[in-house]
Amino acid sequence: MRLAAKINELWQYFADKSQKGSIKLVAERFFRVFHDHGVETSQIPRLFPQIRLDDLKSEQALLAILNHDILEQVAKFFGVRTEWLEGVDDVIYKSHTCYKH
């Protein structure tokens, strides 16, 4: 039984990763970028006053107020790509390369 549960969990993980651009992914990445930078959910309105605590009570409430401007501001604030935050692709940061001839 445990093996079947693990296989199901693994299947769900890969199925979720393959759904690029899904609405759920936008909310998950929004919360994740704050969490990964040490900002608690209750502190988000301090950084972005247009977002209220009530907007953060669930993914559905958050998705109702998210728009391109907010996502762009958050991406710029944390230095991540807007495309990643929107769930369009998996590259979080812009790649800066330099080649010496």
Side-chain angles (χ1 to χ4, degrees):
M1 185 82 165
R2 287 185 175 205
L3 180 60
K6 289 291 184 184
I7 291 172
N8 188 31
E9 184 179 316
L10 187 62
W11 174 259
Q12 290 299 323
Y13 172 78
F14 285 112
D16 287 344
K17 284 192 74 92
S18 68
Q19 295 178 3
K20 289 184 178 179
S22 76
I23 301 300
K24 183 180 177 187
L25 188 58
V26 175
E28 288 175 3
R29 287 183 176 181
F30 181 89
F31 284 123
R32 178 179 163 196
V33 74
F34 284 97
H35 182 265
D36 288 352
H37 285 89
V39 178
E40 293 298 323
T41 304
S42 60
Q43 295 174 312
I44 294 173
R46 187 183 311 170
L47 299 171
F48 297 93
Q50 66 269 40
I51 301 173
R52 300 172 301 134
L53 281 174
D54 195 46
D55 299 328
L56 302 169
K57 67 183 176 188
S58 69
E59 289 181 354
Q60 270 61 32
L62 175 65
L63 290 170
I65 60 105
L66 280 183
N67 59 36
H68 180 71
D69 292 334
I70 293 173
L71 290 174
E72 206 168 82
Q73 289 173 10
V74 170
K76 185 175 181 181
F77 186 82
F78 289 112
V80 298
R81 296 177 62 239
T82 307
E83 293 83 3
W84 174 79
L85 200 54
E86 293 171 338
V88 176
D89 78 40
D90 294 330
V91 179
I92 299 173
Y93 302 104
K94 290 181 183 177
S95 177
H96 300 286
T97 59
C98 179
Y99 180 77
K100 185 176 179 180
H101 291 283

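By convention here, the first residue in the shown sequence is residue 1. Because the structure is a prediction, the values reported are computed rather than measured. Side chains included, hydrogens not; waters and symmetry mates left out as well; all remaining heavy atoms used.
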Under 3.5 Å, which donor-acceptor pairs do the side chains of residues 74-85 form with other protein atoms, sequence neighbours left out?
{"unit_1": "Arg81", "atom_1": "NH1", "unit_2": "Asp89", "atom_2": "OD1", "d": "2.9"}
{"unit_1": "Arg81", "atom_1": "NH1", "unit_2": "Asp89", "atom_2": "OD2", "d": "3.0"}
{"unit_1": "Arg81", "atom_1": "NH1", "unit_2": "Val91", "atom_2": "O", "d": "3.0"}
{"unit_1": "Arg81", "atom_1": "NH2", "unit_2": "Asp89", "atom_2": "OD2", "d": "3.3"}

Side-chain polar contacts of residues 30-37 - donor-acceptor pairs under 3.5 angstrom, sequence neighbours left out - could you list them?
{"unit_1": "Arg32", "atom_1": "NE", "unit_2": "Asp36", "atom_2": "OD2", "d": "3.2"}
{"unit_1": "His37", "atom_1": "ND1", "unit_2": "Val33", "atom_2": "O", "d": "2.8"}

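A 4.5 Å side-chain heavy-atom check between Pro45 and Asp55 finds every atom pair outside the cut-off.
Asp54 CG to Leu62 CG: the interatomic distance, rounded to the nearest 0.5 Å, is 11.5 Å. Separating the CD1 atom in Ile51 from the CD1 atom in Ile44 is a distance of 6.5 Å, to the nearest 0.5 Å. One finds the CD1 atom of Ile92 at 7.0 Å from the CZ atom of Arg29 (value rounded to the nearest 0.5 Å).
For Gln43, there are no side chain to side chain donor-acceptor pair (under 3.5 Å) partners, not counting sequence neighbours. Residues meeting the side chain to side chain contact (heavy atoms under 4.5 Å, CB included) test with Asn67, sequence neighbours left out: Asp69, Ile70. Partners of Gln73 under the side chain to side chain donor-acceptor pair (under 3.5 Å) rule, at least two apart in sequence or in another chain, are Gln50.
Contact detail for Leu56 and Thr41: the closest heavy-atom pair is CD1-O, 3.4 Å.
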